[in-house]
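Data first, discussion second: the structure below is written as structure tokens.
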Amino acid sequence: MDALQLYASDSDSDTGEFTARSLKKHRCQQVEDLIADRNAVHALPKQSPRQPLPSPPSEFLKSFPDLDECGGHGRRVRTFPHVEGNFSLHVFIPVALSTVVRSKLVPYLRKAAELFPGLQSMEEDFVSPSPRGISLANEYHISLGRTVPIRIHQIDTIVSMLRNKFRGQKQFWMEFGSWEVFINDEHTRSFLSLEIVAVGNPEIKKQVSLVDEVYKLHNLPAFYKNPRPHISLAWALGDVTEPLVAVAAELNRLMGNGEMGVVGVRAERKWLWSSHASRVECKIGQKLFPIWTANP
């Protein structure tokens, strides 16, 4: 038994000594390998600094004009800067054009384009001569408030308040009876428009005041002090009100609204066509919200 124990002890001692030597040798080998790896890394050729990519060809850049350049050549100009989280708000009466009305308007717009070739259709964003002349959209609008930016948390309250304000409103007639010229606040665009000067004018001004009340509660700017309800049918770049006023006068003359009365005041105006005002809509961003629909 004692011999067995001694043998066992000798075996343990040899094994432990062998294990210690092996471990030391293994660690030394690891260190040598690490040093060799580092030397290999340092031996690699240094990479040159990353060079910037070459500029794209000028032809490519011309196919994507800068937004500022677009603004200078007829693109719509923002009335307020774009801010992340803001949405544009516009309240208006939609005006659809029937086939009969379109046939009435075409000769006048053709004459207007003949007198002032720079006129563009409302749906065209860029100044470019069109062989078709001034084309008509299916629908236009009568603004009841300024186009203003609002925050996302204001959307629900504004829509709700507008609907409450217009509750109980009755539909009314509108007569489009006078060619007039308007210009935006920035003086970047002039507009050839048809104004509602008699029937429907008081009712629309009342609706403008309702929208102003909601705007005021949200610290938004009110509409113009003396609203002139109208639809814009064509536009021209810049402040060209003087030549366009001459165009509007000629169109009014063709309508029979150019003669002066014996006492120096304009005779009763004729109207080109009439339409029911039976809807008000609110556009916020790209989404339409129905505000008021008159009961039949």
Which atom pair, heavy atoms only, marks the closest approach of [X] to [Y]?
| X | Y | result |
| --- | --- | --- |
| V181 | V245 | CG2-N, 3.7 Å |
| I284 | C282 | CG1-SG, 3.6 Å |
| S278 | Q171 | CB-OE1, 3.6 Å |
| W271 | M255 | C-CE, 4.2 Å |
| S275 | F176 | CB-CE1, 4.1 Å |
| P229 | E195 | O-CG, 3.3 Å |

Heavy atoms, side chains only, cut-off 4.5 Å: are [X] and [Y] in contact?
| X | Y | value |
| --- | --- | --- |
| W273 | V100 | no |
| L136 | L97 | yes |
| F92 | K283 | yes |
| F223 | L144 | no |
| T147 | L89 | no |
| R279 | P290 | no |
| I196 | E175 | no |
| L162 | L210 | no |

When rounded to the nearest 0.5 angstrom, what distance separates [atom1] in [X] from [atom2] in [Y]?
| X | Y | atom1 | atom2 | value |
| --- | --- | --- | --- | --- |
| R163 | T293 | CZ | OG1 | 9.5 Å |
| L105 | L233 | CG | CG | 6.0 Å |
| L194 | L272 | CG | CG | 6.0 Å |
| S274 | M174 | OG | CE | 9.0 Å |
| L192 | W179 | CG | CH2 | 5.5 Å |
| F116 | I134 | CZ | CD1 | 10.0 Å |

Same apolar cluster (I L V M F W Y, side chains within < 4.5 Å links), [X]/[Y]:
| X | Y | result |
| --- | --- | --- |
| V247 | V106 | yes |
| V148 | L288 | no |
| F289 | I93 | yes |
| L217 | V280 | yes |

Could you tell me whether a side-chain N or O of [X] sits under 3.5 Å from a main-chain N or O of [Y], the two making a donor and an acceptor?
| X | Y | result |
| --- | --- | --- |
| Q154 | R151 | yes |
| N252 | S178 | no |
| W292 | E281 | no |
| S190 | I183 | no |
| R102 | A137 | yes |
| D212 | A222 | no |

Around atom CD1 of I152, are there more than 12 heavy atoms from other residues, nucleotides or ligands closer than 6.0 Å?
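No, not enclosed.
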I'd like to know whether CD of E139 has more than 12 heavy-atom contacts from other residues, nucleotides or ligands below 6.0 angstrom.
yes
Step by step, would you call V214 with K165 a side chain to side chain contact (heavy atoms under 4.5 Å, CB included)?
CA-CA 8 Å; V214 176; K165 289 288 185 181; 3.7 Å; yes
I would like to know whether D156 and S160 meet side-chain hydrogen bond (donor to acceptor under 3.5 Å, both in side chains); could you show each step before the answer?
CA-CA 6 Å; D156 289 341; S160 178; over 6 Å; no
The test is side-chain hydrogen bond (donor to acceptor under 3.5 Å, both in side chains); show your working for S121 and S135 and say whether it passes.
CA-CA 6 Å; S121 303; S135 58; 3.0 Å; yes
Tell me if the centroids of the rings in H230 and F182 come within less than 6.0 Å of each other.
yes
Is the shortest side-chain N to carboxylate O distance from D185 to R146 below 4.0 Å?
yes
NZ/NE/NH1/NH2 to OD/OE distance under 4.0 Å, E250 and R253:
yes
Worked check of side chain to side chain contact (heavy atoms under 4.5 Å, CB included) between I291 and V159
CA-CA 7 Å; I291 300 299; V159 171; 4.3 Å; yes
I155 and F87: side chain to side chain contact (heavy atoms under 4.5 Å, CB included), yes or no, with the steps?
CA-CA 9 Å; I155 294 176; F87 297 85; 4.3 Å; yes
Between W235 and F191, does the ring pair (Phe, Tyr, Trp, His ring centres under 6.0 Å) criterion hold? Intermediate values first, please.
CA-CA 4 Å; W235 68 273; F191 300 89; 7.5 Å; no
Are H218 and I158 close enough, and set up right, to give a side chain to side chain contact (heavy atoms under 4.5 Å, CB included), and what steps lead you there?
CA-CA 8 Å; H218 291 82; I158 288 176; 3.4 Å; yes
Salt bridge (Lys or Arg N to Asp or Glu O under 4.0 Å) evaluation trace for K206 with E203:
CA-CA 5 Å; K206 180 181 178 181; E203 290 84 354; over 6 Å; no
